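Since the model is a prediction, treat every value here as computed from it, not as a measurement.
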Amino acid sequence: MRFSHISIGGGITGLETIISTFANIEKELKKSKIKRKKLKYKKFIFAIIDKNPENIPGGVAYGFKASRYGYFNNPIRLSPKKFSNWLLKKSKKKKLTNYLETYGGYTGKDWLKKNKKILFSSKLNNLKELYIPRAILNLWMEEKLILLISKMKRISKKLSIPFNIKFFKGEVVRINDCKKNYREIIFKNNFCEKLDYQITNNPFKRINFKKIKREKKSIFSITQNIGLGLPPPKQLATLKAQKNIHYIWDFYSQGSTALLIKKISNLNKKKKKLLVYFIGYKAGLLESLPELTKIIIHNKIKIKIICSSKNLQGIQKAKFTLGKKMYKLKVFKKKKFLKIRTAKKLYFFIFKEFKLSISDGYKKYDAWTQILENNIIGRCIKNFSEYEKKNYYDTYHTKIRNITRFTYPETIAARDKLLKLKILRTKKEVVRKVDTSRNKLIVETINTNNRLKKYICDLVINVSGPLNAETIKHEIPLIKSLKNKGAKTISGGFVVDNKFQVKGVKNVYTPGVLARGFNPERKTIIKAILENSHKTGQSIAKTLYNI
C-alpha cells in the first residue's frame, strides 16, 4: 500500500500535520483549474499509525484515558485562541462539566464545586483563569478529525481527486529507503493491524477504532511525521525488575494516574502497609497527587510515599498574587529589552525581573505571565546573531526553562498536604538501580554524602524526566534507526529546518518535543505544537503537490 503521507503517532502533531497538509493542498487546488487538470490522476491518501488507537487523536499527553486526571499547567487565558473560543461555547462548557461528573473522580467533583459557577458566569476575566482537564483537548481534536474526514469526502467528490485517511495499529521501528520517492515503514514483529472507524453518538468518544485484519502488505509513503509524544525516562531497572508488574517505567503511556491508583488499590487489598517510591520530583509525581491524595484519605490506605531527586528542585504554582493590580514589567521595559543581544543577558534579565517582582510583594508567576503575554523571549531572539541563537538553544533555553516552570496549583497543594500528613517524604538522592528480591522491588540510591541506601518497595514509579533524541538508545527503536540513518542531533534534540524537517533524513518531520528548539519562546506546549505542525503541513503539502 502506498500513501502520500504517514503520521507515526496519532497525537496532536500527527493529526494537526495532516489537517494542515490537506488545507494547503486544497488551497492550491482552488487557485487554478489548470493545476487541477494536471493532478487528475493523482491520489492524496494519508495514514495515521499508533501503538494504541485509543489515544487517537489526543496522543499520550491528551488521550481520553491516559490523561484522565491530568490538568493543563496554564489557565484558559494562555490556551490557543481557536481552542479557547471552542471551549467557551455553552455546549462545550456543558460537555466539560458532564465529563468531570462522569470521569473526573474526586478531583473532578472538587473542581465543579469550586468552579462551576465561574465557568457559566459572564465574567470573562475570572473564567479565563480556570485550569481545565487535559482530556478536553482530546474532544476538540476529535471534532477536528471527524470534520477532516467529512471534508476529504466532499472535496474528493467535487474535484474528482481522491483524498482519504486510513488508520493502523502497530509500532514502527524503522523507515527504509526505496525507489521513486517512497520509503517503507517497518513494524515491530513485521506486522500491523488495519483499523476501521465508527462515528458514534457518544458525546465523549465519538470515533471508535476496531481491527479489520492483520495487514500483510508492505506500507510505503513519500513523507513521514514522527510524533511519539513524551519519551520515557532512562531505564534504571534490571531486566528482572522490568518484568515486575509493580514497576512503572513509562508512566504516561502505561496509563498514568489511573494505572497508579489501580495498582495501589490492588496492593492495599493484600497488604497492611505500602511503601511506594517515586524516582523524580517534578511533573510525573505532581500530576498524580491530587486524585491519589483523595483516594488515600477516603479509603484510609496506610501508605508511605518516598520521592527523590538529586537537588529536589520542584515546579512552582501557576498562581497570581491575590489582592494586587497586574504586575508591570520593570526590567523588560520596551527601550531596555530591545537592546538585549545575548542569550546570557536575557537569562539574567528574567532572573532580575523575578527578584524585583518578589521585592514588590508579587510572585514570580505574576512577572512570568507578563513576559509570556508580551512575547518578550521571542522578540529578544529575533535580535540575536546566529551565534547567540545557537548559544540560546544549546545552553540558555534549558536554564530559562528551569526557572520558569509553573504548574496547576492543586498539584502543589496536594503535595504539601501529603508532606504535612507525613505520608510523603522527600529525599535528596540519586537512584542507581531498581532490582528485585523475593517479588519485592529494591531501590538502590546514593545520597549527597555518597552513602548507599536500599529501600524495599511495593511499587516503584520512574518519573525521573524524559530522555531526548540525543540520549535515546534502545528505548525507542525508531529514533535509534533515524540516527543511524544520518539524522543529526545537537543539545538533546533532532536538528531541524524552519519547517521541522529532520536534517540528514529528507522528508521526515518532527514538530514536537524531539526537535531541538521546538519551543524557544517558552509558549505553552500545546500552542507551540499546533504552530509547528502548521508549518510542517505547509512543507509536506508543497512536496506532495509538486511530485
Side-chain angles (χ1 to χ4, degrees), residues 1-33 35-50 53 56-59 62 80 82-83 86 137-168 181-183 185 195-197 199 206-207 209 219-227 499-501 507-512 526 529-547:
M1 289 184 290
R2 292 181 180 264
F3 295 91
S4 305
H5 170 80
I6 287 177
S7 282
I8 301 167
I12 306 300
T13 67
L15 176 57
E16 200 65 33
T17 295
I18 292 177
I19 290 171
S20 175
T21 302
F22 171 72
N24 280 284
I25 291 172
E26 183 188 9
K27 190 177 175 182
E28 285 299 314
L29 289 171
K30 285 179 178 178
K31 280 183 183 177
S32 168
K33 288 182 180 180
K35 285 183 179 180
R36 288 204 296 272
K37 282 181 181 179
K38 284 181 180 179
L39 296 172
K40 190 177 179 182
Y41 301 105
K42 194 160 187 173
K43 294 179 180 180
F44 292 98
I45 313 297
F46 302 88
I48 289 177
I49 300 167
D50 204 294
I56 301 172
Y62 307 96
K82 286 184 179 179
F83 173 56
W86 173 86
L137 190 78
N138 186 295
L139 304 183
W140 181 56
M141 292 304 297
E142 188 180 66
E143 282 192 15
K144 294 177 82 173
L145 173 56
I146 293 168
L147 181 62
L148 174 69
I149 292 167
S150 173
K151 273 187 174 182
M152 281 185 170
K153 288 178 180 176
R154 191 171 68 249
I155 296 297
S156 296
K157 190 175 180 180
K158 185 178 178 181
L159 302 180
S160 299
I161 298 171
F163 285 90
N164 206 346
I165 183 167
K166 305 284 185 182
F167 302 91
F168 297 88
N181 302 313
Y182 283 90
R183 283 199 179 95
I185 309 301
L195 303 171
D196 194 9
Y197 65 86
I199 298 171
R206 289 189 60 206
I207 188 161
F209 297 94
I219 292 176
F220 304 85
S221 70
I222 297 166
T223 59
Q224 302 85 33
N225 172 70
I226 313 295
K499 300 294 183 183
F500 295 90
Q501 182 175 208
N507 289 335
V508 176
Y509 296 79
T510 184
I526 190 62
I529 285 174
L530 288 170
E531 288 175 11
N532 297 351
S533 299
H534 291 165
K535 292 175 184 177
T536 295
Q538 290 169 0
S539 179
I540 292 170
K542 192 175 179 181
T543 299
L544 300 180
Y545 198 84
N546 290 328
I547 286 177

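Annotation: the span from Thr13 atom OG1 to Asn532 atom CG amounts to 9.5 Å, rounded to 0.5 Å. A distance of 9.5 Å separates OG1 of Thr223 from CZ of Arg183, quoted to the nearest 0.5 Å. Here CD1 of Ile165 is found 10.0 Å from CZ of Phe3. Values are rounded to the nearest 0.5 Å. Here the straight-line distance linking atom CD1 of Ile8 with atom CD1 of Ile49 works out to 5.5 Å at 0.5 Å rounding. Atom CG of Asn164 is separated from atom NZ of Lys43 by 10.0 Å, given to the nearest 0.5 angstrom. In this structure, Ile185 CD1 and Ile6 CD1 are separated by 4.5 Å, a value rounded to the nearest 0.5 Å.
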Query raised in the report: Where do Ile526 and Tyr62 land on the side-chain contact (heavy atoms from CB on, under 4.5 Å) test, with the steps shown first?
Result: CA-CA 10 Å; Ile526 190 62; Tyr62 307 96; 4.0 Å; yes
**Report entry** Test side-chain contact (heavy atoms from CB on, under 4.5 Å) applied to Tyr197 and Ile149, step by step
**Finding:** CA-CA 11 Å; Tyr197 65 86; Ile149 292 167; 3.1 Å; yes
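Looking only at distances, no side-chain donor or acceptor of Ser7 sits under 3.5 Å from a matching main-chain atom of Gly9. With Ser156 contributing its side chain and Phe163 its backbone, the two residues share a donor-acceptor pair below 3.5 Å. Gln501 contributes a side-chain N or O that, together with a main-chain N or O of Asn507, makes up a donor-acceptor pair within less than 3.5 Å.
Taking 4.5 Å as the limit, every side-chain heavy atom of Phe22 sits out of range of all side-chain heavy atoms of Ile25. Contact annotation: the side chain of Ser533 never approaches that of Ile12 to less than 4.5 Å [non-hydrogen atoms, C-beta and beyond]. Counting heavy atoms from C-beta outward, Tyr182 and Ile222 have side chains that approach closer than 4.5 Å. Side-chain atoms of Met1 and Ile45, non-hydrogen and from C-beta on, never get closer than 4.5 Å to each other. In this structure, Met152 and Leu148 have side chains that are in contact, with non-hydrogen atoms separated by less than 4.5 Å. Using a 4.5 Å heavy-atom threshold, the side chains of Leu530 and Phe83 count as separate. No side-chain heavy atom of Thr21 sits less than 4.5 Å from a side-chain heavy atom of Asn225.
For Glu142, the salt bridge (Lys or Arg N to Asp or Glu O under 4.0 Å) test picks out no residue, with sequence neighbours left out. Partners of Glu531 by side chain to side chain contact (heavy atoms under 4.5 Å, CB included), not counting sequence neighbours, listed by chain and number: Lys523. Annotation: side-chain hydrogen bond (donor to acceptor under 3.5 Å, both in side chains) contacts of Lys499 (sequence neighbours excluded): Gln538. When the side-chain hydrogen bond (donor to acceptor under 3.5 Å, both in side chains) test is applied to Trp86, the partners found at least two apart in sequence or on another chain are Glu143. With sequence neighbours left out, the side-chain hydrogen bond (donor to acceptor under 3.5 Å, both in side chains) criterion links Asn24 to Ser20. For Ser4, the side chain to side chain contact (heavy atoms under 4.5 Å, CB included) partners are Phe44, Leu544, not counting sequence neighbours. In terms of the side-chain hydrogen bond (donor to acceptor under 3.5 Å, both in side chains) criterion, Thr543 has no residue partners (sequence neighbours excluded). Applying the ring-ring contact (aromatic ring centres under 6.0 Å, His included) test to Phe220 and every residue at least two apart in sequence or in another chain returns nothing. Contacts of Phe209 classified as ring-ring contact (aromatic ring centres under 6.0 Å, His included), with partners at least two apart in sequence or in another chain: Phe167.
Sorted by first and then second residue, the salt bridge (Lys or Arg N to Asp or Glu O under 4.0 Å) pairs with a member in residues 536-547 form an empty list; sequence neighbours excluded. Sequence neighbours left out, the pairs with a member in residues 2-24 that pass salt bridge (Lys or Arg N to Asp or Glu O under 4.0 Å) are Glu16-Lys144. Within the structure, the salt bridge (Lys or Arg N to Asp or Glu O under 4.0 Å) test picks out no pair touching residues 150-159 (sequence neighbours left out).
Smallest separation of non-hydrogen atoms from Ile48 and Gly10: CG2-CA, 3.5 Å.
A donor and an acceptor atom, one from each side chain of Tyr509 and Thr17, are nowhere located under 3.5 Å apart.
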